[in-house]
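First comes the structure, then the notes that go with it.
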Number of protein chains: 2
Amino acid sequence: MSRQHVKPHSKTHAKKREILERALACFSEHGVTGTTIEMLRDATGASVGSLYHHFGNKEAIASAVFIEGMNDFGALAMKYLSELMETPLPAKDMAERAIKVMVYANVDWITRNPDWARFVFQNRRIVSASDDDDVLRKGTASFYGKLIEFKAPLVAAGYLKDLPIELYGAFISGPVHDYARHYLAGRHDIPLSEYREILAEGAWHALKGHGAH
Amino acid sequence: MSRQHVKPHSKTHAKKREILERALACFSEHGVTGTTIEMLRDATGASVGSLYHHFGNKEAIASAVFIEGMNDFGALAMKYLSELMETPLPAKDMAERAIKVMVYANVDWITRNPDWARFVFQNRRIVSASDDDDVLRKGTASFYGKLIEFKAPLVAAGYLKDLPIELYGAFISGPVHDYARHYLAGRHDIPLSEYREILAEGAWHALKGHGAH
DNA sequence: TATATTCTAGAATATAATTCTAAAATATTT
DNA sequence: AAATATTTTAGAATTATATTCTAGAATATA
């Protein structure tokens, strides 16, 4: 708790963010395998020694890019959810609104951060392999915790299906990510954002309970 | 059309399949990056020269594993769809059945081929990067063609929503893949197969048209 | 049987990741 | 403020690994 234990460098985070953004650009253009440490050195301005000192190895740099992206998305999702919770609505509308807002968070973040999203979709193995997996898991766990507590009364009232939170995640994110992945790889022509409402409707119909008809 | 143009080696495919399965085992255990050519040589029994002669480079081996897996899945999906088409059903039931059967195809293939599925989920970048992307696209395109023609009358009758086929794919595969990905990475405890029916129901509710209520 | 083609082998080479040593910068203590 | 410790940067040296290359074996074709 003493002052010394507070992270000392205030510039550090911004600097790290800068490095990760430039690394992302390299990875997006050449893939993780195709990006050499030399390329990262040139793109970021940091020396080879520095990169290894701070990250450990190349995969860990990719992993850090991944985490940074997920945190960024998490922040947006949290913001959307907070705003919703401040809005006074009848329970039935609240249920529908909540599902849709979570879809919007996914669609909007991906739309605004296409490179980051593409990287995340295409490089999941990198984090599964690394220790950062736990970091990530803790982040989503706390978010899920909030959601569980939020949906409980809506489930009890019959406005939402009684399913484990993992399936809520699947129905909310799954279709968005599936479409986004193909779109970001150039295999679909219509932008994800165009289907924002259709995807939200679909998730709502998949998850609404009997009392919501 | 002459006999010479028919692929000459009958053993070749089985042998290649064998090699790809062993390569998959390596990749699953150590990741693509963590697997060296030497490891692949030892695991498959083929020499370094042979591997390069047949595949070109390491990524191409991974890419071939990917394609093999997707074709395997495609065959199962096609089988399920054919069986359905032979079943005489009233249009309304047919709509629901079709959506659910496609979900089952996904769930069942993943359940039976967990290593292959995990590999596919975690290494999509490899194929996006390679030329094999087109091979894959053509495969799914012909399958999608069948689906489009199949759903047309059901859409016209109001039993299914009028959405582009890409969104059908998203609502059918998205939630399954999202859950499966986490499950196969050890982040969820309940097996995918346990949620087979719930996932099918969800997809159906997301896609059913007004005439199906 | 002779000739061409494809396939296998493994050593040689090239490329790129990682480590290492020392110097510079920054922080901490006296 | 000077002395000391710690963290960070640098880039050359090393190690690991992918890829290429040459020659010989196997197989197909004429």
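Sequence lines set the chain letters: A, B, ... in the order given, protein chains first and strands last, and positions in each chain run from 1.
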- [ ] Take atom CZ of A:Arg41 and atom P of D:dT8, then tell me their distance rounded to the nearest Å.
- [x] 21 Å
TODO: Check whether any side-chain heavy atom of B:Arg181 sits under 4.5 Å from a side-chain heavy atom of B:Arg187, and report yes or no.
DONE: yes
Open item on the list: So that I can tick it off, tell me whether B:Lys15 and B:Glu18 are bridged by a salt bridge, with the cut-off set at under 4.0 angstrom between side-chain N and carboxylate O.
Closed with: no
TODO: Could you state the atom-to-atom distance from CG of B:Asp42 to P of D:dT17 in whole Å?
DONE: 13 Å
Open item on the list: Whether B:Ser47 contacts C:dA9 is assessed here as follows: a side-chain N or O lying under 4.0 Å from the phosphate OP1 or OP2. Is that the case?
Closed with: yes
Open item on the list: Strictly under 4.0 angstrom, non-hydrogen atoms only: write out the protein contact profile of nucleotides 13-23 of chain C, one letter per nucleotide from the 5' end, B, S or -.
Closed with: ---SSBB----
Open item on the list: From NZ of A:Lys15 over to C1' of C:dT26, roughly how many Å is that when rounded to an integer?
Closed with: 11 Å
- [ ] Decide whether a cation-pi geometry holds between A:Arg124 and B:Phe121; the criteria are a distance under 6.0 Å from NZ or CZ to the six-membered ring centre and an angle within 45° of the ring axis.
- [x] no
Open item on the list: I'd like to know if A:Lys138 pairs up with A:Asp134 as an ion pair, taking the criterion as any Lys NZ or Arg NE/NH1/NH2 lying under 4.0 Å from an Asp or Glu carboxylate oxygen.
Closed with: no
TODO: Look at the side-chain N and O atoms of A:His54 and state whether any lies under 4.0 Å from the OP1 or OP2 oxygen of D:dT7.
DONE: no
- [ ] Could you check which nucleotide pairs with D:dA30 in any of the strands shown, counting Watson-Crick or G-U wobble with both distances under 3.5 Å?
- [x] C:dT1
TODO: Look at A:Asp72 together with A:Arg17 and state whether they make a salt bridge at an N to O cut-off of under 4.0 Å.
DONE: yes
- [ ] Could you check which nucleotide pairs with D:dT9 in any of the strands shown, counting Watson-Crick or G-U wobble with both distances under 3.5 Å?
- [x] C:dA22
Open item on the list: I'd like to know if B:Lys100 pairs up with B:Glu197 as an ion pair, taking the criterion as any Lys NZ or Arg NE/NH1/NH2 lying under 4.0 Å from an Asp or Glu carboxylate oxygen.
Closed with: yes
- [ ] Mind calculating the distance between NE2 (B:His53) and C1' (D:dT22) to the nearest angstrom?
- [x] 15 Å
